[in-house]
Amino acid sequence: MIHKFKQGGLHVVLDISSGAVHVIDEMVYDILDYYPDVNIDQVVEKLKDKYTEEDLRDACDDVDSLINENLLFSPDNYENNVQFKNRKPVVKSMCLHVAHDCNLRCGYCFASQGDYQGSRSLMSAETGKKSLLYLAKNSGNRRNLEVDFFGGEPLMNFDVVKEIAEYGKSIEKLYNKNFRYTITTNGMLLDDDIIDYLNENMDNVVMSLDGRKPVNDKMRPIVGGGSSYDVIVPKFKKLVDQRGDKDYFIRGTFTKLNLDFAKDVKHFADLGFKSTSMEPVVSEPGLPYTIEESDLETIYAQYDELAEEMLSRHGTDEDFGFFHYNVDLEQGPCIIKRLTGCGAGSEYIAVTPEGDIYPCHQFVGDEKMKMGSILDESWDSDMSLVFKNAHIFNKPKCRDCWAKYYCSGGCHANAYNFNGDINIPYEIGCDLEKKRLETSIYMQAKIMLMEE
Amino acid sequence: MKHIKTVTKGSFNRVASTMGCGECQTSCQSACKTSCTVGNQACENK
């Protein structure tokens, strides 16, 4: 299986099963409409008005060379791989909802302004410690365990965050684990002491900001109204300035109300943030800010604009990264990960302040999706099996999709929210994912050519 | 080759015998939290 596309004056072809990527000329691009399904003589017949026979035969020889090296139309045998079929996933990642409360009132919040359709509550240190112990004991021989301190706003329960994080470190040796901590914060409560602590103890800090001040403040007002931008930007800058080489992301959300999000990502870069992310809003159909199919062309143009901006800054002091364009073509995740996706409900779980377990943070609050409790270590094996089996070969739309080994089936929560079935991907999400992947691959091809 | 330049030969097959170690980061834990891209996770054995 192959996928070819044109962008920015380049013609690109991907070999789906191997991950090979090639820049091709227009003639090969045209030839691949027919070849190798038809023979070279037939290709010559079909394209003789546009190209000479000699050139066409020469180009077909080039295509043959790639086919012989398994770099084009390579066979796909992953579905029947014994390791894949017999895999036994273990929980290795946890989203810890340390605070179901928030000090912002974001208009699009999927967590219902922090309480996830429940009462406002904070996780106790005891529940948090039990959660990390559960992770250490149930993660088999996986050594690297990820814990995201999430909310609501986790800094509203900062003392407990510290206590849980320190507890995790204290049991690492005993269980031969390495806890990696991330915190996702809106920044409102950051002060010098907290910044120091996060920079020392968090492997990754995700900071929420939607971009330019009017854009951010429209959807991310503080409780009672007012600008959050003015409060948080200086704090985020301070945190990043003191963070050294450790990971962070400045992360925004765009909605139908601010489809010109490329300007907001550029704003991040202009503020000095080098590691950026901007996500399409997750919301129910029909809301004023929900992204619709009719918005896709506008969004595609924004991804293009962002890519060209990044290319223009490449190799300069002004360059910056964008999460979805970070695709590692040489050595990304292993193939089993590419087949099975995010791991929600099998390798990844979310834990509420009350200790309830959900397949991921986006299912929290939907009682039907509760799959156990940290407190009594109950675990719905049947539900976990459903999630384990929600891999690309069990999703009809994914089986024949060229993006399947990059996207890996998409977000289960989006699929469930829009289609009522985790095996039916959310179509707009698919379209956006494919656009981001093409753009990312185009950028890498372009950079290779620029550096030649 | 006159008509083709290879950007990458790909890496999907590099551990076909074991299918990988499973240590790589859960995609939703890194930055997105709302949309899933697995292909941009880093390999732990790099």
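Values reported hereafter were calculated over all heavy atoms of this structure, with side chains retained and with hydrogens, waters and symmetry mates removed.
Residue contact with chain B, scored on non-hydrogen atoms closer than 4.5 Å, involves the side chain of A:Glu69 exclusively. Proximity to chain B (any heavy atom under 4.5 Å) is shown, for A:Asp55, by both the backbone and the side chain. With a 4.5 angstrom heavy-atom cutoff, A:Ser275 does not touch chain B via any of its atoms. Neither the backbone nor the side chain of A:Leu432 comes within less than 4.5 Å of any heavy atom in chain B. Heavy atoms of A:Ile16 lying under 4.5 Å from chain B belong exclusively to its backbone. For chain B, the nearby part of A:Leu339 is the side chain; its heavy atoms alone come within less than 4.5 Å.
Chain B forms more heavy-atom pairs under 4.5 Å with one residue of A:Asp15, A:Leu329, A:Ile24 than with any other, namely A:Leu329. Contact tally against chain B (heavy-atom pairs below 4.5 Å) for A:Ala403, A:Ser18, A:Ser440: the top residue is A:Ser18. For the options A:Gln444, A:Met27, A:Arg180, A:Arg87, heavy-atom pairs under 4.5 Å to chain B are most numerous at A:Arg180.
For A:Asp62 (side chain) and B:His3 (main-chain N/O), a donor-acceptor pair under 3.5 Å exists by modelled atom type.
Annotation: side chain of A:Asp58 is in contact with side chain of B:Lys2 (closest heavy-atom distance under 4.5 Å). Taking the side chain as every heavy atom from C-beta outward, B:Glu23 and A:Arg143 approach each other to under 4.5 Å. Within the 4.5 Å cutoff, side-chain heavy atoms of B:Thr6 are placed close to those of A:Leu66.
Using a 4.0 Å cut-off between charged side-chain N and carboxylate O, B:Lys9 and A:Glu330 make no salt bridge.
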Next item on the list: Test A:Val23 against B:Val7 for side-chain contact (heavy atoms from CB on, under 4.5 Å), laying out the working first.
Entry: CA-CA 7 Å; A:Val23 177; B:Val7 179; 3.7 Å; yes
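Atom CG of A:Leu10 is separated from atom NZ of B:Lys5 by 10.0 Å, given to the nearest 0.5 angstrom.
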